[in-house]
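Naming: A, B, ... by sequence-line order, numbering from 1 per chain. Model, not experiment: these values are computed from the prediction.
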Protein chains: 2
Amino acid sequence: MVVDQRFGLTDEEVDRIFHALADATRRDILRRSLEAPLSVSELAAFYDMSFAAVQKHVAVLEGAGLVTKEPDGRKRLVHGNPETLAKAQALMEEYEAIWRSRVERLEALLSEDR
Amino acid sequence: MVVDQRFGLTDEEVDRIFHALADATRRDILRRSLEAPLSVSELAAFYDMSFAAVQKHVAVLEGAGLVTKEPDGRKRLVHGNPETLAKAQALMEEYEAIWRSRVERLEALLSEDR
DNA sequence: CTGATCTACAACCATTTGGTTGTAGATTAT
DNA sequence: ATAATCTACAACCAAATGGTTGTAGATCAG
């Protein structure tokens, strides 16, 4: 099952967050929607691919909780969600902390016998 | 081409980093190898899959620069690489900064007409 | 009302992913 | 020297990914 449930996130949720971030187009969509909410078709205009493809990328980001879609007439405004971003950051800081604590243990060992 | 070359990382490198993190087994391998270097077969013993499968996961982490392999006799010691981790964290902080600057712009607008 | 726009979603396809088994080379232990 | 261990890597397979086109439902504009 692989332990990884910190921050109230299941493995599957963390999988989805990092998978969503593992594509340059999706990262660009996330950046733009963090700057200001945009409709899906406004987003689609930026990329050299079909509307449906962009729609799928937005769906992946939405499934990861990185963006939300707010109905606005016939449009859906895509908003970036900084909360999920913060959770992912916290996750990565955990890894850094693990490494740092290892360095500290090694330093403690070294200072022990001097 | 989608702009994303901060921190000396190309889109492809960022893709590989997040893709490597988007799997619970790989995150667990990373955590263990940050705690202490381990051989591939030592790592493989933790998971309910073949040695070759774990070997592939390590290769993905290595391709992303998240771990390095150091030859040690017939073993290869897998070390976690905190530098790449730090780069990924910096990337995510960029996104947070984008969102924060947007909030600041909105607040500036609000305080303008009062 | 009619036509244009925005979105949703299904069906399809090529490629990648994540697993398997099997073979072979290097190193260590007996 | 032989056997056991550790790793590398190829070949294979099912499922997921990232793209496409096409169809249809809502909503807005003339």
Which whole-number value in Å describes the distance from [X] [atom1] to [N] [atom2]?
X: B:Glu70; N: D:dT7; atom1: CD; atom2: P; answer: 13 Å
X: A:Lys69; N: C:dC6; atom1: NZ; atom2: P; answer: 15 Å
X: A:Ile29; N: D:dG18; atom1: CD1; atom2: C1'; answer: 12 Å
X: A:Arg16; N: D:dT17; atom1: CZ; atom2: C1'; answer: 16 Å
X: A:His57; N: D:dT17; atom1: NE2; atom2: C1'; answer: 10 Å
X: A:Leu77; N: D:dT27; atom1: CG; atom2: P; answer: 15 Å
X: B:Asp23; N: C:dT16; atom1: CG; atom2: P; answer: 19 Å
X: B:Asp48; N: C:dT20; atom1: CG; atom2: C1'; answer: 13 Å

Shortest non-hydrogen contact between [X] and [Y], atoms and distance:
X: A:Arg102; Y: B:Leu34; answer: CD-O, 3.0 Å
X: A:Val40; Y: A:Val54; answer: O-CG1, 4.3 Å
X: A:Pro37; Y: A:Leu77; answer: CB-CB, 4.4 Å

We want to know whether B:Ser39 and B:Glu42 form a side-chain donor-acceptor pair, criterion being a heavy-atom distance below 3.5 angstrom.
yes
Check this for me: does any side-chain nitrogen of one of B:Asp23 and B:Arg27 sit under 4.0 Å from a carboxylate oxygen of the other?
no
Salt-bridge criterion met for A:Asp72 and A:Lys75 (N-O under 4.0 Å)
no
Does any N or O in the side chain of A:Arg26 come within less than 3.5 Å of the main-chain N or O of A:Leu21, such that one atom is a donor and the other an acceptor?
no
Side-chain donor or acceptor of B:Asp11 paired with backbone N/O of A:Ala24 under 3.5 Å
no
Would you sort out whether A:Glu62 and A:Lys69 count as a salt bridge (charged side-chain N to carboxylate O under 4.0 Å, His left out), showing the intermediate values?
CA-CA 8 Å; A:Glu62 193 183 15; A:Lys69 274 191 285 191; 3.5 Å; yes
Give me, pair by pair, the N or O atoms of the protein and of nucleotides 10-14 of chain D that are less than 3.5 Å apart, along with how far apart they are.
none

Any [X] side-chain N or O less than 4.0 Å from OP1/OP2 of [N]:
X: B:His19; N: D:dA16; result: no
X: B:Ser50; N: C:dG19; result: no
X: B:Gln55; N: D:dT7; result: no

Check the interface with nucleotides 4-6 of chain D: list each N/O to N/O pair with the protein under 3.5 Å, or write none.
from  : atom 1 : to      : atom 2 : distance (Å)
D:dT5 : O4'    : B:Arg74 : NH1    : 3.3
D:dT5 : O2     : B:Arg74 : NH1    : 2.9

How do A:Asp72 and B:Glu42 order along DNA chain D: which one's closest nucleotide is nearer the 5' end?
B:Glu42
